[in-house]
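Written below as structure tokens is the structure these notes are about.
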Amino acid sequence: MASYSTEVFQVSAGEHADLTASIRTALSSSGAWVNIEPVVDDSARIEVPGIFAWFSARGPQVPVGTFHSAGPDMPASVGLDHGTGRDAGDRLTAGGVEAPGDWGVKQDHPKTGLVWELHPQRVDAEAVVTLLLEGTSLLCPLAVEGWWTATLNRPR
């Protein structure tokens with residue numbers, strides 16, 4: 001079983017150098033990934049309880065953004081797990097959030113989210129950060145406070 005080190009940190013809308021650095025760190029470590037989730041008022045969350053979540057046609061109410069580094073048999077990827085239903089890519093575009101043209105959409109699914117594949121040699125960490133921050137904000141139905149909780153997960 002693999003062992004991972006995890007670093008948890010806060011990111012603000014105006015200062016995201018730590019998140020950019022984490023994306024770059026993940027790029028240099030096969031099997032590493034970064035997750036971010038907007039900070040919201042927890043009392044406003046309405047999650048589907050227990051086993052009923054398995055049968056729900058939607059992902060989590062508060063979106064989770066993920067960057068996953070490339071592996072030997074897979075490209076790097078950026079994903080947004082969200083609960084906004086079908087055609088999240090269209091909602092992002094309508095909201096002015098665009099993925100770079102060389103990112104290929106792998107899936108846009110109401111339950112498992114929106115995922116892009118990236119060529120590992122052409123990953124722009126700033127573009128990844130922008131999409132993760134803006135995408136999770138736009139797809140969050142709750143008021144976003146301008147902060148995100150981020151984790152950098154690396155194999156030991």
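All residue numbers refer to positions in the sequence shown, counting from 1.
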**Asked** Any side-chain heavy-atom pair from W148 and L132 closer than 4.5 angstrom?
**Response** no

**Prompt:** For T136 and G65, which heavy atoms make the closest approach, and how far apart are they?
**Reply:** CG2-N, 3.7 Å

**Item:** Plane angle bin for W33 and H68 - parallel if under 30°, tilted between 30 and 60°, otherwise perpendicular
**Value:** parallel

**Message:** Given 3.5 Å as the limit, does a donor-acceptor pair link the side chain of H109 with the main chain of T112, or not?
**Reply:** yes

**Message:** With a 4.5 Å cut-off on side-chain heavy-atom distances among I, L, V, M, F, W and Y, is there a chain of contacts connecting L19 to L138?
**Reply:** yes

**Request:** Taking the side chain as every heavy atom from C-beta outward, state whether D124 and P100 have any pair of such atoms under 4.5 Å apart.
**Result:** no

**Close side-chain approach of L114 to Q107, heavy-atom, < 4.5 Å** = no

**Request:** Using side-chain contact (heavy atoms from CB on, under 4.5 Å) as the criterion, point out the one residue from S22, S5, S30 that pairs with R154.
**Result:** S5

**Test item: side-chain donor near acceptor, T151 and E7, under 3.5 Å** = no

**Item:** Cluster overlap V78 with V115, hydrophobic side-chain contacts below 4.5 Å
**Value:** no

**Prompt:** Are a donor atom and an acceptor atom from the side chains of R91 and T84 found within less than 3.5 Å of each other?
**Reply:** yes

**Message:** Is it the case that the side chain of S69 and the backbone of S29 share a donor-acceptor pair, with hydrogens and angles ignored and the cut-off at 3.5 Å?
**Reply:** yes

